[in-house]
Amino acid sequence: MVKYGLDYTRCRWILPLLLGIGVIFGIIALAGRGWLESQTLPYVNQASLWESCTRPDQGGQWTCDSLMNYAWGRAAAATYLVGFLLLVICFALAIIAFAIPTLRFNFIRGIGGLLFVAAVFSIMGLVIYPVKFTSEMRLSGTNMFSWAYGFGWTTAIMEICLGFFFCCLPNYEDQILGNVKPTYFYSSP
C-alpha cells in the first residue's frame, strides 16, 4: 500500500473496510446471546450483554432476568455501547477522509485517537461484565464466555490495531503521496 500510495484505487479503501468489519463484529457482540454459555451437559445457562437466562434442566423453559436491573449490567452495557458508537463514528469519518481526493493527514490521525478512546470504553465494558457477572449471578455447572463475548474482544483489538495504523499513517505522508525519490540498489559500472 505504501509503494503505490493511498491514491492507488484498490488500497485506498482497506482501512475503511477494516473499520466496517469491526462495526459488523460489534453488532454481532451487541446482539449475540453467547456472552456466557454452559460448557457441559445439562446446558442450563445462557447470557447476553442484556440478560441472563437459566432453565432447570435440558428440556425446560428458559427464564430470563434482565441485567439492566443491576448497576454493573448497565455500566457494562453503557461502556461497551459508547465504544461501539465511537467506532461507528470513526467508520463514517474514515469514509469521508478517504473519499475526498486530497488526504488530510491530521484528520486521519484524529480518527486514530478516537479509535483509542473507543477501545478504552469497549475494554472497560468487556472487563466489567465477566468480573461482576461471575461474582453477582448464581451459576450452576461449568460455564464459559463464548462466541459473542469473543466478537466483543475482537472488536476491541481491531480498534487498538487500527488506531495505531491511523496514527502512524501520517508519518509516511511523503511516501504515500509520492514525494520521495526512489532508491535504487543497483548501480551500473
Side-chain angles (χ1 to χ4, degrees), residues 14-95 111-168:
I14 289 175
L15 293 176
L17 175 69
L18 289 172
L19 280 174
I21 292 170
V23 168
I24 291 170
F25 286 173
I27 290 171
I28 292 170
L30 285 169
R33 294 188 57 101
W35 278 58
L36 180 123
E37 293 179 336
S38 295
Q39 187 174 5
T40 57
L41 285 173
Y43 299 110
V44 294
N45 294 320
Q46 185 179 36
S48 68
L49 181 60
W50 312 102
E51 64 184 3
S52 173
C53 300
T54 58
R55 63 180 172 183
D57 57 10
Q58 182 65 24
Q61 287 285 66
W62 289 100
T63 57
C64 296
D65 181 29
S66 176
L67 295 179
M68 298 302 109
N69 297 331
Y70 302 95
W72 61 266
R74 290 189 301 271
T79 54
Y80 189 79
L81 196 58
V82 166
F84 175 74
L85 291 176
L86 288 174
L87 177 64
V88 171
I89 290 169
C90 288
F91 175 62
L93 290 175
I95 288 178
I111 294 171
L114 196 57
L115 279 169
F116 284 125
V117 174
V120 166
F121 277 105
S122 297
I123 290 171
M124 283 186 339
L126 290 166
V127 169
I128 291 170
Y129 183 84
V131 169
K132 296 305 282 182
F133 193 96
T134 55
S135 67
E136 300 278 332
M137 303 299 286
R138 188 178 61 83
L139 297 172
S140 60
T142 305
N143 299 290
M144 65 178 175
F145 290 97
S146 191
W147 58 273
Y149 185 68
F151 273 107
W153 273 107
T154 304
T155 303
I157 291 169
M158 286 182 76
E159 289 168 348
I160 292 169
C161 294
L162 288 170
F164 276 117
F165 198 77
F166 272 93
C167 284
C168 293

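- Here the CG atom belonging to Leu36 is positioned 7.5 Å from the OG atom belonging to Ser52, to the nearest 0.5 angstrom.
- The shortest side-chain heavy-atom distance between Tyr80 and Thr155 falls under the 4.5 Å cut-off.
- For the pair Phe166 and Cys90, the minimum side-chain heavy-atom distance is 4.5 Å or more.
- Within 6.0 Å of CZ in Phe145 there are more than 12 heavy atoms belonging to other residues, nucleotides or ligands.
- Shortest non-hydrogen contact noted between Gly83 and Ser122 is CA-OG, 3.7 Å.
- At least one side-chain heavy atom of Trp153 sits less than 4.5 Å from a side-chain heavy atom of Ile123.
- Smallest separation of non-hydrogen atoms from Ile128 and Trp72: CG2-O, 3.7 Å.
- Between the side chain of Trp35 and the backbone N or O of Ala29 there is at least one donor-acceptor pair closer than 3.5 Å.
- Residue Glu159 holds its CD atom at 11.0 Å from OG1 of Thr154, rounded to the nearest 0.5 Å.
- Leu85 has its side chain out of reach of Phe121: every pair of non-hydrogen atoms, C-beta onward, lies at least 4.5 Å apart.
- A 4.5 Å side-chain heavy-atom check between Ile27 and Phe84 finds at least one atom pair inside the cut-off.
- Taking every heavy atom of both residues into account, Glu51 and Cys64 meet most closely at OE1-CB, 3.8 Å.
- The nearest pair of heavy atoms linking Met158 to Ile21 is CE-CG2, 4.0 Å.
- Arg33 places no side-chain N or O within donor-acceptor distance of the main-chain N or O of Ser48, the cut-off being under 3.5 Å.
- One N or O on the side chain of Tyr149 and one on the backbone of Leu126 form a donor-acceptor pair closer than 3.5 Å.
- To the nearest 0.5 angstrom, Glu37 atom CD is 5.5 Å from Met144 atom CE.
- A centroid separation of less than 6.0 Å is found between the aromatic rings of Phe164 and Phe116.
- In plain terms, the two heavy atoms of Pro130 and Thr134 that are nearest each other are O-OG1, 2.8 Å.
- Between the side chain of Trp50 and the backbone N or O of Leu30, at least one donor-acceptor pair lies under 3.5 Å.
- Note that the CG atom of Leu81 and the CG atom of Leu86 stand 10.0 Å from one another [nearest 0.5 Å].
- Trp62 has its side chain within reach of Gln46: a pair of non-hydrogen atoms, C-beta onward, lies under 4.5 Å apart.
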Begin with the C-alpha distance, continue with both residues' side-chain angles, and end with the deciding distance and a verdict on side-chain contact (heavy atoms from CB on, under 4.5 Å) for Leu49 and Leu67. CA-CA 8 Å; Leu49 181 60; Leu67 295 179; over 6 Å; no
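- Scanning all heavy atoms of the two residues, the minimum distance from Leu87 to Ala118 falls at N-CB, 4.1 Å.
- For the pair Leu15/Ile111, no side-chain contact is recorded, criterion being any heavy-atom separation below 4.5 Å from C-beta on.
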Apply side-chain contact (heavy atoms from CB on, under 4.5 Å) to residues Phe25 and Ile157 and explain how you reach the verdict. CA-CA 11 Å; Phe25 286 173; Ile157 291 169; over 6 Å; no
